[in-house]
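Naming: A, B, ... by sequence-line order, numbering from 1 per chain.
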Amino acid sequence: MAQISLTFPDGNAREYDAGVTPAEVAASISKSLSKKAISATVNGAHWDLQWPIDDNAQVAIHTLSDADQALELIRHDCAHIMARAVQDIWPDVKVTIGPVIANGFYYDFDRAEPFTPEDLGAIEKKMREIIALRDPVRTEVWARDRAIQHYKDSDEPYKVELIEAIPGDEPLRMYWHGDWQDLCRGPHLQHTGQVPADGFKLMSVAGAYWRGDSDRQMLQRIYGVAFANKGDLKKHLTMLEEAAKRDHRKLGREMDLFHFEDVAPGSIFWHPAGWRMFQSLIAYMRRRQDAAGYVEVNSPDIMDKSLWETSGHWQNYRENMFLAETQDDREYALKPMNCPGHMMIYNHGVRSYRDLPMKIAEFGKVHRYEPSGALHGLLRVRSFTQDDAHIYCTPEQLADECLKVNDLILSIYRDFGFEDVHVKLSTRPENRIGTEESWDRSEAALQTALETAGMSYSIFEGEGAFYGPKLEYVLRDAIGRDWQCGTLQVDSNLPERFKSTYVTPEGDRQAPVMLHRALFGSLERFTGILIENWAGKLPFWLAPRQVVVASIISDANDYVHDVVNALKAAGIQAEADIRNEKINYKVREHSLAKVPIILAVGEREVTDRTVTVRRLGEKQTSVTSLDEIVSELQKAATPPDLL
RNA sequence: GCUGCUGUAGCUCAGAGGUAGAGCACUCCCUUGGUAAGGGAGAGGUCGAGAGUUCAAUUCUCUCCAGCAGCACCA
């Protein structure tokens, strides 16, 4: 038998027979390693302990203390153990697929009756029994035909379909533990007992389409989370609780920011405090765009169908547009996008190369009939306000304009405390319009902007819009969640459809290049993200309510109004609370409403012209003169771009 | 849109085939209290909408509407 040389992480090499498995290698090193081993890395590939190694290789044996490999295997084995548990309890359930996902795993099943929350408990119990069996995991490579026949015999139609969808006739890998068997790429753990019995939890069951296709069978998906130990699981569950506490729908109610009604699903009723915050965002963005050379416009909300036919929206998105019925014979639609309106503004009159770049911005409210199941608080609504702008420029200006947008986005996100920003670059899809040269130019402009700015980005091949490539800006919030907000898209479609031109220095007419960009994206959505990011405790300049001045005794009520007036005169949002309640009561109520500053005034403060300051989250109070607190809060109320 | 679950007072929730209850919030009275709920009284609900079964439906059945979780979608 041929000899091969395996090199270990410490640099030492040893000779083995070709076809040796990592399990045998581990055994040759030590008995304890052989017991603890879970998998290996062979020449960079994650390798099952049972897979043979045929050539010289770099080999590392993993144990449960190698977090990356361990978590992947624990989660993957959990999915299989769950499927086995389900088929143990309900033998007629059909299995499909069960991959590893962030923090855990899922498995999709086909079963006529729905799984109930009680069922999840029973499945968990059965899983722990399987783990306790410490069943060895076994794997074999089967010919494709044999595998198909096997699944036909065992009446697992989904597995048959999966195999038939795998191209070529490469052999397939089968796995077993106990009598239970699944088709799987692997790798897997050594035995079921390596899954920590107290490190996983089944979370929920929900519908999911077979193969992600909404035209196909709806399956039942059971989600679970799994970690290396009980402590990590608990940490994760605590994080979920923390996220639930930050839910902007809950905070929106508690802080009295907005609400929804059945008569307008997906549309927001903004209350005074929420609307103030919303308007602060618009005011901020208006200043930033003004400074960056944008001009603001406003285009009609309802326009004739013919405009939407010209833009192409009618053909592509008619199902998702709100239509307006009127007494005349014309058909109108509520705008789902601002761009066609901006095209009309651009096209009104003759544009010269001297006018470019022309940056048209609008805080336009767009309406889209989103599928009912997609609606979610402020994050996915049917009518929302975009901080939308379109940049018309020459091909030569394109790269520079992309860079400018990128810089503006980053600078703005930084003002909101978002430093961790990732970009997704989506390139030309199969189904597209425009010349290869214009795609080359557009993609290069976006990529160059990212490179020049030193951005972290990933490329999504073929994911671009049919009219041009796009960037999507993803920011990470205070508890590590990612939110897609800004977007920058190059468009060679609309200028053509609307026959837009500019006069070149030579006196010719040429089509401008057009950029679509939104920085917050949807103002409504961004507001929701900010609420969740700050858990409702927004920075003072953005806080929906800033100051409550509360009287301790009714004799201080007049002075309360003096203080409120002084604050208001300084541009601070202040309210009086002179209700016939004790100060404890007032402090509790305003603290729960997350008002950042409570100023309490009683007999002493009236006499001394002072206030007692209580800051949200602090128990300690301090006494300050009225003048001092006004100037301090005035500074705190200044938006970051005006500091 | 699809699968499952849910819908009772402004909010959080209990309840039962014989037309409803709690706490908080609200109104009034007493209380003027120094930093997370002072006391008392009162008002408030076609039990999401419609239809069916029944002597009787808020409760059971169906349809619709809305919400929640996920999937699909997101110009």
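Spacing between atom CG of L257(A) and atom C1' of rC11(B) amounts to 15 Å, rounded to whole angstrom units. Look at CG on D119(A): it is 19 Å from P on rU3(B), rounded to the nearest Å. For the pair W314(A) CH2 and rA75(B) C1', the interatomic distance rounds to 15 Å; values are reported in whole Å. Here rA37(B) presents its P atom at 6 Å from CZ of R588(A), a figure rounded to the nearest Å. Whole-Å rounding puts the D215(A) CG to rU3(B) P distance at 13 Å.
Taking the side chain of H313(A) as heavy atoms from C-beta on, and the options rG38(B), rA75(B), rG34(B), the nearest nucleotide is rA75(B). Ranking rA75(B), rG4(B), rG70(B) by closeness to the Y223(A) side chain, first place goes to rG70(B). Considering only side-chain atoms of K582(A), the nucleotide from rC68(B), rC71(B), rG38(B) that sits closest is rG38(B). Set against rA36(B), rC71(B), rA75(B), the side chain of Y317(A) has rA75(B) as its closest nucleotide. Here the side chain of R579(A) is nearest to one of rA69(B), rG38(B), rC26(B), namely rC26(B).
In summary, the side chains of W210(A) and E161(A) do present a donor paired with an acceptor at a separation below 3.5 Å, with no hydrogens or angles considered. N557(A) and S554(A) form no side-chain donor-acceptor contact under 3.5 Å, judged by distance and modelled atom types alone. Checking H590(A) against D577(A) by side-chain atom types alone, a donor-acceptor pair falls below 3.5 Å. Between the side chains of Y473(A) and N406(A), at least one donor N or O sits under 3.5 Å from an acceptor N or O.
Taking the centre and axis of the six-membered ring of F227(A), the NZ or CZ atom of R75(A) falls inside the cone set by 45° and 6.0 Å.
Taking atom C1' in both rU59(B) and rG17(B), the straight-line distance is 6 Å, to the nearest Å. The separation of rA72(B) from rU53(B), taken at their C1' atoms, amounts to 38 Å, rounded to a whole angstrom. The gap from the P atom of rU6(B) to that of rC62(B) amounts to 13 Å, rounded to the nearest Å. Nucleotides rU54(B) and rU19(B) have their C1' atoms positioned 15 Å apart, rounded to a whole Å. Remark: the separation of the P atoms in rA20(B) and rU32(B) is 41 Å, to the nearest Å. For the C1' atoms, the distance linking rA9(B) with rA14(B) amounts to 13 Å, nearest Å.
Between G486(A) and Y413(A), the shortest heavy-atom distance links the atoms N-OH, 2.9 Å.
Within residues 602-617 of chain A, the residues having any heavy atom closer than 4.0 Å to RNA chain B are, in order of number, G602(A), E603(A), R604(A), E605(A), T612(A), R614(A). Contact check of residues 364-388 of chain A against RNA chain B (heavy atom, cut-off under 4.0 Å) returns R368(A), P371(A), S372(A), G373(A), A374(A), L375(A), H376(A), R380(A).
You'll find the side chain of Y369(A) stays beyond 4.5 Å of the side chain of L334(A), heavy atoms only.
Taken together, the paired segments of RNA chain B that extend over three or more consecutive Watson-Crick or G-U pairs, each closer than 3.5 Å at both contacts, are B:1-7 with B:65-71, B:10-13 with B:21-24, B:26-30 with B:38-42, B:48-52 with B:60-64.
The backbone N or O of M285(A) sits nowhere less than 3.5 Å from a side-chain atom of D387(A) that would complete a donor-acceptor pair. Here the side chain of K424(A) pairs no donor or acceptor atom with the backbone of Y457(A) at under 3.5 angstrom.
Ranked by how close their nearest RNA chain B nucleotide is to the 5' end, M321(A) and E261(A) are led by E261(A). Residues S554(A) and P114(A) each lie close to RNA chain B; by heavy-atom proximity, the contact nearer the 5' end of the strand is made by P114(A).
When the side-chain nitrogen and oxygen atoms of R253(A) are compared with OP1 and OP2 of rC24(B), none of them lie within a distance under 4.0 Å. The side chain of Y585(A) places an N or O atom within less than 4.0 Å of a non-bridging phosphate oxygen (OP1 or OP2) of rA25(B). Using a 4.0 Å cut-off, no side-chain N or O of K586(A) falls inside it from OP1 or OP2 of rA36(B).
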Under 3.5 Å, side-chain donor or acceptor atoms of residues 314-324 of chain A against the rest of the protein: list the pairs with distances, not counting sequence neighbours.
residue, atom, partner, partner atom, Å
Q315(A), NE2, E309(A), O, 3.1
N316(A), ND2, G312(A), O, 3.2

Distance-only check: which donor-acceptor pairs under 3.5 Å involve side-chain atoms of residues 379-386 of chain A, not counting sequence neighbours?
residue, atom, partner, partner atom, Å
R380(A), NH2, E370(A), OE1, 3.0
R382(A), NE, E370(A), O, 2.9
R382(A), NH2, E370(A), O, 2.8
T385(A), OG1, E524(A), OE2, 2.9
Q386(A), OE1, N338(A), ND2, 3.2

Show which side-chain atoms of residues 602-609 of chain A pair as donor or acceptor with protein atoms under 3.5 Å away, not counting sequence neighbours.
residue, atom, partner, partner atom, Å
E605(A), OE1, G602(A), N, 2.8
E605(A), OE2, T612(A), OG1, 2.5
T607(A), OG1, E603(A), O, 2.9

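No engagement by D213(A) is indicated, since no non-hydrogen atom pair under 4.0 Å with the nucleic acid exists. Residue G312(A) is out of contact with every strand shown, counting any heavy-atom pair closer than 4.0 Å. R249(A) comes within 4.0 angstrom of the backbone, heavy atoms only, and of no base. Residue contacts for F115(A): at a heavy-atom cut-off of 4.0 Å it reaches no nucleic acid atom on any strand shown. Within 4.0 Å (heavy atoms only), L219(A) reaches no atom of the nucleic acid at all. Nucleic acid contact class of N316(A) (heavy atoms, under 4.0 Å, all strands): none.
A side chain to side chain contact (heavy atoms under 4.5 Å, CB included) with I123(A) is found for exactly one of K125(A), K126(A), M127(A), namely M127(A).
For F109(A) and Y107(A), the ring centers are positioned less than 6.0 Å apart.
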